[in-house]
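Remarks on the structure that follows.
In what follows, chains are A, B, ... by sequence order, proteins preceding strands, each numbered from 1. Only a predicted model underlies this, so the values are computations on that prediction, with no experimental measurement involved.
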Amino acid sequence: MLDKHYDHFQVEEGKYEKWKKEGYFTAGDVSKQPFSLVIPPPNVTGKLHLGHVMDTVPDDIIIRYKKMRGFDALWVPGMDHAGIATQAKVEEKLRKQGISRYDLGREKFLEKAWEWKKEYGDSIHEQWAKIGLSVDYTRERFTLDEGLSAAVRKVFVTLYKEGLIYQGEKIINWDPELRTALSNIEVIHQDDEGEFFYFKYPIVGSEDSLIVATTRPETMFGDTAVFVNPKDKRYAHLVGKKAINPANGEALPIMADEYVDLSFGTGAMKCTPAHDPNDFALAKKYGFPLIKVLDESAKMNELCGKYQGMDRYECRKALVEDIKAKGLLDHIEKMVHSVGHSERSGAVVEPMLSKQWFVKMRPLADRVLAQQQSEEKVEFLPHRFENVLIRWMRNVDDWCVSRQLWWGHRIPAYYHKQTGEVVVSETPMDPELYDQDEDVLDTWFSSALWPFATLGWPEKTPDFERYFPTSVLNTGYDIIFFWVARMVFQSEHFTDKVPFKTVVIHGLIRDEKGRKMSKSLGNGIDPIDVIEQYGVDALRYFITTNATPGLDMRYSNEKLQAAVNYLNKIWNAVRYVEMTLGEGYEPKAIDPKSLGVLEKAILSKEMETIRRVSRFMDRYEFGKASDVLYDFVYDDFCSTYLEMSKVSMAKEGDQEQVKAVLYKVVRDIVLLIYPYCPFIGEEMYLSLPKTKASIMLESYPEIEKAYVSKAAERKAELLYTMIKDARAYKSGEGLAPNAAVNIVVSPKAPFAGMEDYLSRFTFAKKVEFKPEAPKGTTFAYDGFSMVIESDVDEGKLKESLLKEKETLKAEIDRGERMLGNPGFLAKAPKEKVALEQEKLESNKNKLQTVEDRLAKLG
RNA sequence: GGAUGCUUAGCUCAGCGGGAGAGCAUCGCCCUUACAAGGCGGGGGUCGUAGGUUCGAAACCUACAGCAUCCACCA
């Protein structure tokens, strides 16, 4: 027997450990159909946040549901080494101890990083357990483990041999704080306030000068030309002449190119090929030298004269002062412009010429674009997110994959010590003869292989053969570019298959005010705190049912409390059923034909509920599925059938049937809620009679056609409507709910045995069935009527009757307008027209009754 | 500049061609042995604005406004 209140601490205790120990999470029953998914691997950078709960709980619901549906459901867990993010954290920790990574050296630093991974990996495991994730620990992976590393080398070498990986000197995004290259998407653009400096460039051999504007004066040491637009009449006479760079006195050619925007700045632009991607393109076109003026910490280098060694901003300030002193500063404008920041360090990113490794994206992206046109494509839910992928694939630039870090997959490229010859190899080259490339790969390079490499690829392992491609991936829209896109192209290129058939995209969780959760705002919410307060089942329920697919959701304490209340409701329904069944109850088979009307009706409703819930579960629409179940639990079961059953139990003869039905329905409710809330689900399940060792061994409730009876539902509905009418009538007249009345139904009862329910729930002293209706307050239904006799406050009654009359008239008016419209009759579906006719008839009858009653009142 | 989403009850959000819904909040009555973390009953909305399509629009189309997000560019 369950306790009076649901206590989440007691309910959660020990269950996860038991499931894990019993091996319920382990897949591999080959007699069943496989179903698989991989966890979005959390970074080993720290504790999990609510975003991870959003990523993983839907997966857990899917896995638990699919297991109940008889699938061999595999959920591969694992974590991501998160190269740059983790390295930044480890460096920060060391810095607090006054140590830099260079003090330690590569090997020692990596030891520290592995210690970090161990510590945070353990804490992530604890959190998975708290959340209740049914991941298969026998198949757990790490993006830096031996198998993944082998897969990474295989992919790198293969792409290199195919000409899809190359080393090149290009403008990349440089993070001067972490001293590494970044890919385009690791750069966050934000609008920063800056200054726009207008400098005078004297024209050689003339008194004239040209004004050029820049936001980054410190890069002027790398300028190679000044450009104007060929159509620009203001400068036509200067093209071909030379202008003096006010930073270093060098003469720069003035050239014309269509690229220059006449309306921006002064219409004259300086060209700095080594520090701007557009200028780089111009320099290539005209064959300019590429002059780099910043070092890897964004300090000025030896080409910058007296500014050498200065930080870029220090230099900017000093240089502007010096130019001003020379009288060559025209003016300074404040301007807000978009500035790139490193996603991890926050440092302002410098576009910089650098030799890096790149993945040639065009052929890989084209393959994806073609695949999305075919039958064997990745399906996105909601569909619109497919366009995000497609647009990115259409416009993608080559991917800079080398990082000047230590924590990650070291690039399998080797340089001959004498000749400098480059060898790219899966197996290490002789260290006597070759030096390995110092750089590591972008962390997403290995994440991209996650769905197939975790299953054993490149080996043809049984798991890979059986579980790949995976069935579904559930993740946030914020990492479609970072992760989803890359898994798709790598998978299609290397396995010739999509990595997953369906991607379910969810929104992000925000705080109660709708703001993004972030460290700087300090508004992040620790899931562990939420679990302490409300229990994990409530958190799981909240996070999967209060969100619309693809849209952001807000964290809400109120909604969590609502979830707790709902769970407590189910808990108590189970408790009531247990009390009713009594000790030692032995479940009995139900004969659908011999059941009473109310029993038939609730089972029929349950079948409809199972049908609708299953349909939504199969489409991964957990919010909708839970809504359907919620309505059934509250309205149909708890408020209605369960209350009716109290009367039934007091009657002779029916008890066994009622018990059997109560048992079946409440047990099925437990099974239906269980994928969402496994802990309380297990607790309630085990508390009921005749169970298996765990709810994890159960199957999902099935629709049984013998239980479907729309006729019984309609009959029961009549009774419920009568009760509701009688109650509303009493309330409308200012009678207490428990005030005594007499009810007469005529000419006969809609179904036998209903009088007990009617009297109990309307507090009728007497319920009679008579062929003739007496005088009194009459409610008309199809084929019979109900008359209520009571002491009435005539004033109040009249008021409520008048109000009812108004609403009925409005309804009738609406119906008549509709049915009087020739267009409606001609074009609307026949069923709709018939339905409206029925409604109109019924409303007219009701109005008649109301008017009769009013007439009697005078 | 391009794209997407949102705008519905006091708050948070469903609904997305045929009678305006939920949770919370609010008001009234009830501690009735499943549940006061509850029950019963009630109040509250010209569904952002303006046009259009349709027999019928909160829903479909167009324009506009506000909010949010993403991508690109910014010498």
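- The gap from the C1' atom of B/C64 to that of B/U7 amounts to 14 Å, rounded to the nearest Å.
- Using the Watson-Crick or G-U wobble rule with both distances under 3.5 Å, B/G17 pairs with nothing in any strand shown.
- Under the side chain to side chain donor-acceptor pair (under 3.5 Å) rule, A/Lys839 has a single partner from A/Glu841, A/Gln837, A/Glu836, which is A/Glu836.
- Whole-Å rounding puts the A/Gln561 CD to B/G38 C1' distance at 13 Å.
- Look at the P atom in both B/C47 and B/A20: the space between them is 11 Å, to the nearest Å.
- Here A/Tyr541 and A/Tyr630 keep their ring centres 6.0 angstrom or further from each other.
- One C1' atom belongs to B/A57, the other to B/A50, and the distance between them is 15 Å to the nearest Å.
- Distance noted for atom C1' between B/U8 and B/A14: 10 Å (whole Å).
- Taking atom P in both B/G44 and B/G21, one finds a spacing of 13 Å when rounded to whole Å.
- When Watson-Crick and G-U wobble pairs are counted only if both distances are under 3.5 Å, B/C70 pairs with B/G2.
- Between the C1' atom of B/A22 and the CD atom of A/Glu558 lies a distance of 13 Å, rounded to the nearest Å.
- Taking only side-chain atoms of A/His5, from C-beta outward, the nucleotide of B/A3, B/A37, B/U4 with the closest atom is B/A37.
- When heavy atoms are screened at a 4.0 angstrom cut-off, A/Ala268 is found touching base atoms of the nucleic acid.
- Rounded to whole angstrom, the span from the CD atom of A/Gln837 across to the P atom of B/G18 amounts to 19 Å.
- Of the candidates B/A37, B/A3, B/A75, B/A3 carries the atom nearest the A/Arg391 side chain, counting heavy atoms from C-beta on.
- In this structure, CD on A/Gln561 lies 10.5 Å from OG on A/Ser556, to the nearest 0.5 angstrom.
- Using a 4.5 Å heavy-atom threshold, the side chains of A/Asn387 and A/Phe380 count as separate.
- Remark: side-chain polar atoms of A/Ser639 are paired, donor with acceptor, to backbone N or O of A/Tyr634 under 3.5 angstrom.
- Across all strands shown, B/A9 has no partner, as no Watson-Crick or G-U wobble contact with both distances under 3.5 Å is found.
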Any chance you could lay out the side-chain contact (heavy atoms from CB on, under 4.5 Å) test for A/Asp257 and A/Tyr286, step after step, and finish with the verdict? CA-CA 10 Å; A/Asp257 193 281; A/Tyr286 295 101; 2.4 Å; yes
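- Comparing B/G19, B/C70, B/C35 by their closest approach to the side chain of A/Phe481 singles out B/C70.
- Put simply, A/Thr548 has a side-chain N or O that comes within less than 4.0 Å of OP1 or OP2 on B/A14.
- Cation-pi contact between A/Lys646 and A/Tyr576: present, with separation from the ring centre below 6.0 Å and deviation from the ring axis of at most 45°.
- Remark: P of B/U32 and CZ of A/Phe763 are 12 Å apart, rounded to the nearest angstrom.
- Checked by distance alone, A/Lys646 brings a side-chain donor or acceptor within 3.5 Å of a matching partner on the base of B/A34.
- Look at CG on A/Asp635: it is 13 Å from C1' on B/G23, rounded to the nearest Å.
- Checked by distance alone, A/Lys569 brings a side-chain donor or acceptor within 3.5 Å of a matching partner on the base of B/C35.
- With values rounded to the nearest 0.5 angstrom, A/Glu683 atom CD is found 8.0 Å from A/Ile680 atom CD1.
- Distances shorter than 4.0 Å separate some side-chain N or O of A/Ser639 from OP1 or OP2 on B/C40.
- Across residues 624-631 of chain A, A/Lys624, A/Tyr630 each have a non-hydrogen atom less than 4.0 Å from an atom of RNA chain B (numbered order).
- Across every strand in view, B/G44 sits unpaired, with no contact that passes the Watson-Crick or G-U test at under 3.5 angstrom.
- Between the NZ atom of A/Lys832 and the P atom of B/G56 there is a distance of 15 Å, given to the nearest Å.
- Look at B/G51: its Watson-Crick or wobble partner, with both distances under 3.5 angstrom, is B/C61.
- Here the separation of B/A34 from B/G15, taken at their C1' atoms, is 33 Å to the nearest Å.
- Taking only side-chain nitrogens and oxygens, A/Arg814 comes nearer than 4.0 Å to OP1 or OP2 of B/G19.
- In this entry B/G38 has B/C30 as its Watson-Crick or G-U wobble partner, both defining distances falling under 3.5 Å.
- If you take atom C1' in B/A3 and the same atom in B/A72, they sit 10 Å apart, rounded to whole Å.
- Listed by first then second residue, pairs satisfying salt bridge (charged side-chain N to carboxylate O under 4.0 Å, His left out) with a partner in residues 381-396 of chain A read A/Lys377-A/Glu386, not counting sequence neighbours.
- When the P atom is compared between B/G2 and B/G45, the two are found 40 Å apart, to the nearest whole Å.
- An OP1 or OP2 oxygen of B/A25 is reached within less than 4.0 angstrom by no side-chain nitrogen or oxygen of A/Lys559.
- Neither OP1 nor OP2 of B/G56 sits under 4.0 Å from any side-chain N or O of A/Asn821.
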